[in-house]
Amino acid sequence: MSVTTQSFENSLEREKNPWLAAAARFDIAAEKLKMDDGMRKVLRSPAREITVNIPVMLDDGRIEVFTGYRVQHSVARGPGKGGIRYAPDVSLDEVRALASWMTWKCAVVNIPFGGAKGGVICDPSILSDFELERITRRYTAELIEFIGPEKDVPAPDMNTNDRVMAWIMDTYSMHVRHTTTAVVTGKPMDLGGSRGRPEATGRGCMIVTGEALKKFGWRADSTRVVIQGFGNVGGMAAKLMAAAGFKIIAIVEYDGAIYNKNGLDIPALAKHKKETGSIRDFAGGENYDKTEAMYLECEVLIPAAMEGVITSQTADKLNCRIICEGANGPTTAIADEILADKKIFVIPDILANAGGVTVSYFEWVQDRQGFFWNEDLVNERLREIMVDSFNSVVAYGEKHNVHNRTAAYMLALDRVQFAMKLRGIYA
Ligand code: GLU
């Protein structure tokens, strides 16, 4: 069984370790499902972990070695699926956790994929475009026999985008000697990308939040929303939700927060950020302390930036009624209990942010058919899957008397275990 590779300085650091957080949720759900020991061992451990050390020539002629990972947690229900992140602090534990979350996420929304994730330790903010391209191509080349439309299909994640996906697609295609668009999703529209993919994760967050509102009998225009993160997920969620009438009262970023009790003008804020590089000092709101902003009174909090922000130290201070987890792993396992005591309705990450991988699935299907859908069809099918999945998780939780996160894990584990049993163990 995989164990953590890290040592910890203190208990908070341990609490925030994503692999331990993932394993804790797994254990709770497996226990409730009375899963047998053998199956637990199989599903708890990633099936394959690949580490590559890639030499890359920098623009000034120096050679640097970058470490990259690809973890395939499970391929029981279909090819591995999951993004690739570029960040200085990527670790194997993090990639493992993210890979397992992809397995459960794909199972929750019932799409025919397993779970995988990749990461390269690098700082894209100090690398040139050419350097990033060389890192991407060499990383892809090292993984060539492990990825493919039927094996493992990468996608964007933190600090990677459609341009990076185009390089992966091209490198893979050059190696196999024919253009293979379905090897990766989140590509540019002109290279087999799907309409609606860039907005998909944010749109999915809006859809499930809308379903939660129905349960509470609330209306969008009287719903105050605080969003942490203004990038691909948070930024899109803010844009779509503001257009749908939600009152986005605060946006929180790594360098500060901006607040307006009457609701921020999101398109104007996006323009301000584009021009100045920051949300701070936006004329349509007041600068706010980024830690305090998370504790503002609101109906919906959307952590859409990073892992481990809602912890045993912060959960008690939250003043929201619903948490919609746009990021992967924003809440620690210990904080789950505090949120449950506070009766906060949590839409867990493996459900809340599954809109992205759902439209990735549509992209893969369209690439393989060579036939592309219009945006309304993409959005309609996304809505159908998100609404069905939300209702299945909530109904499962009510039936088994567990909170939404445990319900989502139980549903997912059960689906994956069912596939494993049907396939049997090959020996
Ligand atoms: N990186 C996204 C996620 O964490 C998308 C993965 C995908 O589309 O494969 O869900």
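It should be emphasised that the depicted structure is a prediction, and the values quoted were computed from it without experimental measurement.
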Answer whether the closest heavy-atom distance between the side chains of D367 and F372 falls below 4.5 Å.
yes

In this structure, CD1 of I28 is separated from OH of Y409 (nearest 0.5 Å) by 9.5 Å

Please enumerate all residues that pass side-chain contact (heavy atoms from CB on, under 4.5 Å) together with D341, with sequence neighbours excluded.
none

Sidechain-backbone polar pair: E325 side chain, D349 backbone, donor-acceptor under 3.5 Å
yes

Is any side-chain heavy atom of Y139 less than 4.5 Å from a side-chain heavy atom of R70?
yes

Presence of salt bridge, E398 and K215, under 4.0 angstrom
yes

Can you tell me if N379 and R195 form a side-chain donor-acceptor pair at under 3.5 Å?
no

Are the side chains of V226 and V252 in touch, meaning some heavy atoms are under 4.5 Å apart?
yes

Is any side-chain heavy atom of L43 closer than 4.5 Å to a side-chain heavy atom of F26?
yes

Verdict with supporting geometry, R44 and D27, salt bridge (Lys or Arg N to Asp or Glu O under 4.0 Å):
CA-CA 8 Å; R44 207 174 189 274; D27 290 342; 2.8 Å; yes

Residues I266, I251; criterion side chain to side chain contact (heavy atoms under 4.5 Å, CB included); working and verdict:
CA-CA 9 Å; I266 297 297; I251 299 284; 4.2 Å; yes

Quick one, N10 with E13, criterion side-chain hydrogen bond (donor to acceptor under 3.5 Å, both in side chains). Give me CA distance, side-chain angles, the key distance, then yes/no.
CA-CA 5 Å; N10 55 48; E13 205 178 282; 4.8 Å; no

K214 and E211 ion-paired at < 4.0 Å:
yes

Are I258 and L269 close enough, and set up right, to give a side chain to side chain contact (heavy atoms under 4.5 Å, CB included), and what steps lead you there?
CA-CA 9 Å; I258 195 88; L269 180 62; 3.9 Å; yes

Would you indicate whether the side-chain heavy atoms of K151 and Q72 approach each other to under 4.5 Å?
no

Aromatic contact between F216 and F345, with the criterion being ring centroids under 6.0 Å apart: yes or no?
yes

Euclidean distance, E299 CD relative to R224 CZ, rounded to 0.5 Å:
4.0 Å

Kindly compute the distance separating CD1 (I334) from NZ (K16), expressed to the nearest 0.5 Å.
12.0 Å

Quick one: pull up CD1 in I84 and CG in L98 and give me the separation to the nearest 0.5 Å.
12.5 Å

For the residue pair P112 and P79, what are the closest heavy atoms and their distance?
O-CD, 3.6 Å

Looking only at atom types and distance, does a side-chain atom of K187 sit under 3.5 Å from a main-chain N or O of V184, one as donor and one as acceptor?
yes

Side-chain donor/acceptor of W364 to backbone N/O of P149, under 3.5 Å
yes

Just grab all the salt bridge (Lys or Arg N to Asp or Glu O under 4.0 Å) pairs involving residues 253-282, residues at least two apart or on different chains.
E253-K273, D255-R280, K271-E275

What heavy-atom pair brings A335 and A315 nearest, and what distance separates the two atoms?
CB-CB, 4.0 Å

Keeping the roles fixed (side chain from N260, backbone from I249), state whether a donor-acceptor pair exists under 3.5 Å.
no

Could you walk me through whether E150 and R368 pass the salt bridge (Lys or Arg N to Asp or Glu O under 4.0 Å) check?
CA-CA 11 Å; E150 306 285 351; R368 284 155 57 100; 2.8 Å; yes

Give me the atom names and distance for the closest heavy-atom approach of I279 to G256.
CD1-O, 3.6 Å

Check whether any side-chain heavy atom of E199 lies under 4.5 Å from a side-chain heavy atom of L240, and answer yes or no.
yes

Nearest heavy-atom contact between M206 and A244 is SD-CB, 3.9 Å

Donor-acceptor pair, distance only, cut-off 3.5 Å: does the side chain of S45 make one with the backbone of V42?
no

Could you tell me the separation between the CE atom of M158 and the CZ atom of R85, rounded to the nearest 0.5 Å?
4.5 Å

Once side-chain hydrogen bond (donor to acceptor under 3.5 Å, both in side chains) is applied, do any residues pair with N262, and if so which ones, sequence neighbours excluded?
none

Stepwise side-chain hydrogen bond (donor to acceptor under 3.5 Å, both in side chains) check, H73 with S100
CA-CA 5 Å; H73 173 263; S100 73; 5.0 Å; no

Before giving the answer on side chain to side chain contact (heavy atoms under 4.5 Å, CB included), spell out for R77 and C106 the whole-Å C-alpha distance, their side-chain angles and the decisive distance to 0.1 Å.
CA-CA 9 Å; R77 288 171 39 91; C106 291; 5.6 Å; no

Are R163 and D129 close enough, and set up right, to give a salt bridge (Lys or Arg N to Asp or Glu O under 4.0 Å), and what steps lead you there?
CA-CA 10 Å; R163 196 181 45 166; D129 283 1; 3.0 Å; yes

Are more than 12 heavy atoms, taken from residues, nucleotides or ligands other than E375, located less than 6.0 Å from that residue's CD atom?
yes

I'd like to know if the side chain of R25 and the backbone of T332 have a donor-acceptor N/O pair within less than 3.5 Å.
yes

Minimum side-chain heavy-atom gap S194-Y361 below 4.5 Å
no

Kindly compute the distance separating CD1 (I121) from CD1 (I135), expressed to the nearest 0.5 Å.
11.5 Å

What verdict does the side chain to side chain contact (heavy atoms under 4.5 Å, CB included) test give for V71 and I50, after you've listed the backbone C-alpha separation in whole Å, the side-chain angles of each residue and the deciding distance to 0.1 Å?
CA-CA 6 Å; V71 174; I50 305 152; over 6 Å; no

How about CZ on R321, more than 12 heavy atoms from neighbouring residues, nucleotides or ligands closer than 6.0 Å, or not?
no

Candidate pair K117 and D157, rule salt bridge (Lys or Arg N to Asp or Glu O under 4.0 Å), full reasoning:
CA-CA 9 Å; K117 202 83 175 194; D157 199 73; 3.0 Å; yes

For the pair T201 (side chain) and V233 (backbone), establish whether a donor and an acceptor sit closer than 3.5 Å, ignoring hydrogens and angles.
no

W167 side chain reached by D170 side chain, heavy atoms, under 4.5 Å
no

Test side chain to side chain contact (heavy atoms under 4.5 Å, CB included) applied to T185 and Q366, M169, K81, the passing residue
K81

Minimal non-hydrogen separation, E49 against L92, with atom names:
OE1-CD2, 4.0 Å

Sub-3.5 Å donor-acceptor pair from the side chain of H400 to the main-chain atoms of T406, do we have one?
no

Just wondering, more than 12 heavy atoms not from M306 lying within 6.0 Å of its CE?
no

When every non-hydrogen atom of V309 is compared with those of Q228, the smallest separation belongs to CG2-OE1, 3.5 Å

Answer yes or no: does atom CZ of R383 have more than 12 heavy-atom neighbours from other residues, nucleotides or ligands under 6.0 Å?
no

Taking R197 for the side chain and G356 for the main chain, is one N or O donor matched with an acceptor at less than 3.5 Å?
yes

Exam field: side chain E94 to backbone S91, donor-acceptor pair closer than 3.5 Å:
yes

